[in-house]
Amino acid sequence: MALSTTVSQKKLIKRKAPRGFLKRVFKQRKPHLRLETNSDLLVHLNCLLFVHRLAEEARTNACENKCGVIKKEHVLAAAKVILKKSRG
Amino acid sequence: MADSYSRDSEPTTRTLLRRVLDTADPRTPRRPRSARTDVQRALLQTPSSRRLRSQTKTTARRCSNRARSVDRLARVQASGHLEEQTPRTLLKNILLTAPESSILMPESVVKPVLAPQVVQASRRESSRGSLELQLPELEPPTTLAPGLLALGRRKQRLRLSVFQQGVDLGLPPSQEPHGNADASSLTSSLNLTFATPLQTQSVKRPGLARRPPTRRAVDVGTFLQDLRDTSLALAPPDTVLEDTQPFSQPLVGRSPSVHHSLPCCSHSGAKDVERAASRRTWSSGLGLQNNSAGKAAQLLAGNVEEVDALAMGFPNISSNIFGEDGVEPLQNGVGEEAEERMEESLREVEKAAEAQGSARAEELEGHIEVTKAEGSWGAVEAKEPEGSSGDGDTSGRIASPELASSTPEFLRARRLQFLEPAPPPSSAVLPSEPPEPLSARLPPKPRIPGSRPRQDPYKTGLNHYAKLFNFYAKMPMEKKAVEMVEKCLDKYFQHLCDDLEVFAAHAGRKTVRPEDLELLMRRQGLVSDQVSLHVLVERHLPLEYRQQLIPCAFSGNTVFPAQ
């Protein structure tokens, strides 16, 4: 192998993926399934993109209401749209 | 002049014979044709001179017509000559058969030979042919200048045309083989020569002869082996680096001390034993993965026990416990949490008992400082002090012994920043708990083994993404909005797991693989024909993850990750 699969101490990854958390969540909900190593990272990527879209939508809602702060309602409305979109 | 020049340049028997022939009075019907032949001869005579060659070329073109007629006559005469078998003819034949340097240079050979010939045209062709036929028998060809060769080739081509005309006219059989051999020198199509052309060529240019380069076949096997060895040599340093983590060694060292401390606990008292036993069972039931320092847990457990003991009024026990703490090596720590807990416990200790407390506090402080020094563990722990653990301190603590068992996993998954709030055990016992948002969030429900850890780390995980939401939004957010985000994330995870299950089942698998994820993203509209998955990986994930996901070629003809 050219690269080691683990990261050495010196490399401090910013914005690390909570792999354990994701794996645990998946295991708890679907105990009969297994999650592969690299798909773990892709799930994290998916979450990032979801959150990104949600944030964009919420920001748009807040700006439309000419509000400087994101409020619950904005988030709720945004979530409705984005969850429907990311149903797959 | 040309003759003399030619003679001087090549003082061979051939030239001598030539001279003889020239000077001698030929009986052959040379004279009548002397005008034409002389012209041709003069044209042809000058050897090794480009001027001559060019002239001959031009003359050849001009005299092509003449040559045809001359050829006919020459052939007739040549045949006549051969039949006569006079000394003259013999000498001529010798001259004809005189060795030429090479087939490539028939011109140079031909030139001097042809000059004195009675029938130049016939001589030319015949000489070429005969010379070539008899090349191997005669002397080694003389090395000729490359210019001659080149010129010879050029002339050859011209003469070939002439020759071909002669062939068309109908050469006598004696001439034809010569002609054929001659032609073969030009085009290697009709090859009647017996000598190997290559041989002459090589003999002609010994210095330029190409030898097959002596190559040693590369031993691919050993080469790869060497690569592997070097890679292996490289790998250990990484692992060594990882192993030299302050966390790892203490953890390793802790495991014995964990066991060590457990018996010590048993020694301390029945109560402690019960508590420890209950905790152990509890912890085993919990099955927590995150390691966060078994040692820290131990220490905290010790602290809690100590606090309890103090509360109960058993200084001996506490001292024993503290002794354990002292024995325990440095804590890697859960990091800030452990420190906070220890600080809290420290405060409690100080409040509780002065004399003992001071001594222990110093120890604790020492421990805390050590942990602080070591625990540059993860920023996530900062979130966790939420303790969220209002009740579950003990359970969290109990998780510690089993965290010790899970240390190897910890070593492997070092990236896990999401450590359980295993450490904060003392906070539960501590009456005063720092106000944490999560603690307020947690409903004061009765402890059910299995449900609490599900909620707590789950919340912390969601909090991780909620903070990302905060970052992406670039606007201030209310607390309620953050909670709202967490709810949405919860729903999202549900959908995600369901979809992945469906996709994996569709593929007949029980393991979710990256292909399923790609399909999911494609369905979500994140991945399209314009935007590929790799692009998204590059954009949003850090480099280390990108290296793991996207196959890349490395040295040694390897691709990582292997496809």
Side-chain angles (χ1 to χ4, degrees), chain A residues 1-11 13-22 24-26 28-30 32-39 41-52 54-56 58-59 62-63 68-72 74-76 78-79 82-83 85-88, chain B residues 231 235 238 241-242 245 289-290 412-418 454 457-458 461 464-465 468-469 472-473 475-478 480-481 484-485 488 491-493 495-497 499 501 504 510-514 517 520-521 523-526 536-537 540-542 544-545 547-549 554-556 558 560:
Chain A
M1 255 328 157
L3 269 189
S4 63
T5 51
T6 54
V7 183
S8 70
Q9 183 192 1
K10 285 179 201 152
K11 286 187 201 168
I13 302 176
K14 298 174 188 174
R15 311 271 174 79
K16 290 196 185 185
R19 301 180 83 171
F21 164 72
L22 294 171
R24 192 186 313 118
V25 165
F26 190 79
Q28 279 169 357
R29 289 189 203 266
K30 310 279 174 191
H32 56 278
L33 289 181
R34 290 191 289 149
L35 195 61
E36 218 183 313
T37 305
N38 285 350
S39 56
L41 297 170
L42 288 171
V43 167
H44 174 67
L45 176 68
N46 210 3
C47 297
L48 283 180
L49 291 166
F50 170 76
V51 166
H52 193 69
L54 198 62
E56 287 293 326
R59 193 152 73 96
C63 290
V69 182
I70 291 179
K71 290 193 181 156
K72 204 172 174 180
H74 308 142
V75 173
L76 201 59
I82 300 292
L83 273 174
K85 221 178 168 186
S86 59
R87 238 186 325 148
Chain B
S231 64
D238 292 341
L241 278 172
E242 292 163 8
Q245 287 259 345
Q289 275 189 13
N290 293 335
R412 196 168 22 97
R414 179 175 308 136
R415 286 196 219 101
L416 283 179
Q417 290 312 309
F418 264 93
R454 187 200 182 278
Y458 189 65
H464 178 244
Y465 287 111
L468 277 173
F469 180 93
Y472 280 133
M475 281 170 70
M477 287 172 61
E478 293 177 345
K480 291 183 198 170
M484 192 73 220
V485 165
C488 299
K491 274 206 184 154
Y492 168 75
F493 275 126
H495 291 313
L496 182 82
C497 292
D499 291 342
E501 183 184 7
K510 287 193 179 169
T511 310
V512 174
R513 297 186 70 201
L517 264 295
L520 174 72
M521 291 171 85
R523 285 188 64 109
Q524 284 181 351
L526 292 166
L536 291 175
V537 167
H540 298 278
L541 289 186
E544 288 78 9
Y545 298 157
Q547 276 173 346
Q548 294 219 347
L549 285 169
F554 285 93
S555 71
T558 54
F560 179 77

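Lettering of chains follows the sequences in order, A, B, ..., and the numbering in each one begins at 1. All values derive from a computational prediction rather than experimental measurement.
- Side chain of Asn38(A) to main chain of Gln548(B): a donor-acceptor pair is present (N/O by atom type, distance under 3.5 Å, no hydrogens or angles).
- In Lys30(A), the NZ atom is crowded: over 12 heavy atoms of neighbouring residues, nucleotides or ligands sit closer than 6.0 Å.
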Please lay out, stage by stage, how Ser86(A) and Arg523(B) fare under the test side-chain contact (heavy atoms from CB on, under 4.5 Å).
CA-CA 8 Å; Ser86(A) 59; Arg523(B) 285 188 64 109; over 6 Å; no
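- For chain A, the nearby parts of Met477(B) are the backbone and the side chain; heavy atoms of each come within less than 4.5 Å.
- In this structure, Lys491(B) and Leu83(A) have side chains that are in contact, with non-hydrogen atoms separated by less than 4.5 Å.
- Separation of atoms CG (Leu76(A)) and NZ (Lys480(B)) is listed at 13.0 Å; rounding is to 0.5 Å.
- Under the 4.5 Å side-chain criterion, counting only non-hydrogen atoms from C-beta, Val69(A) is not in contact with Met475(B).
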Audit row: Phe26(A), Phe493(B), side-chain contact (heavy atoms from CB on, under 4.5 Å) steps and yes/no
CA-CA 8 Å; Phe26(A) 190 79; Phe493(B) 275 126; over 6 Å; no
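- Ile82(A) does not touch chain B: none of its heavy atoms, backbone or side chain, sits under 4.5 Å away.
- Of all heavy-atom pairs spanning Phe469(B) and Leu54(A), the tightest one is CE1-C, 3.5 Å.
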Intermediate values then yes/no, side-chain contact (heavy atoms from CB on, under 4.5 Å), Ser39(A) and Arg513(B):
CA-CA 6 Å; Ser39(A) 56; Arg513(B) 297 186 70 201; 5.7 Å; no
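- If you take NE2 on His540(B) and CG on Leu49(A), they are separated by 4.5 Å, rounding to the nearest 0.5 Å.
- Between the side chain of Thr511(B) and the main chain of Arg34(A), no donor-acceptor pair closer than 3.5 Å is present.
- Here His44(A) contributes atom NE2 and Leu541(B) contributes atom CG; the two are 6.0 Å apart, rounded to the nearest 0.5 Å.
- Here the OH atom belonging to Tyr472(B) is positioned 10.0 Å from the CD atom belonging to Glu56(A), to the nearest 0.5 angstrom.
- Leu496(B) touches chain A through its side chain: at least one heavy atom from C-beta onward sits under 4.5 Å away, while N, CA, C and O do not.
- The closest side-chain heavy-atom distance from Glu501(B) to Arg29(A) is not below 4.5 Å.
- Of the listed residues Val25(A), Val43(A), Thr37(A), the one with more heavy-atom pairs under 4.5 angstrom with chain B than any other is Val43(A).
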As a quick check of understanding, evaluate side-chain contact (heavy atoms from CB on, under 4.5 Å) for Tyr492(B) and Asn46(A), giving each step before the final call.
CA-CA 10 Å; Tyr492(B) 168 75; Asn46(A) 210 3; 3.2 Å; yes
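- Side-chain rings of His495(B) and Phe50(A) stay apart, their centers remaining 6.0 Å or farther from each other.
- Heavy atoms of Leu517(B) lying under 4.5 Å from chain A belong exclusively to its side chain.
- Taking every heavy atom of both residues into account, Val75(A) and Met484(B) meet most closely at CG1-CG, 3.6 Å.
- Contact count versus chain A (heavy atoms, under 4.5 Å) is highest, among Pro476(B), Ala481(B), Ala504(B), for Pro476(B).
- Here the CG atom belonging to Leu45(A) is positioned 8.0 Å from the CG atom belonging to Leu526(B), to the nearest 0.5 angstrom.
- Atom NZ of Lys16(A) is separated from atom OH of Tyr545(B) by 6.5 Å, given to the nearest 0.5 angstrom.
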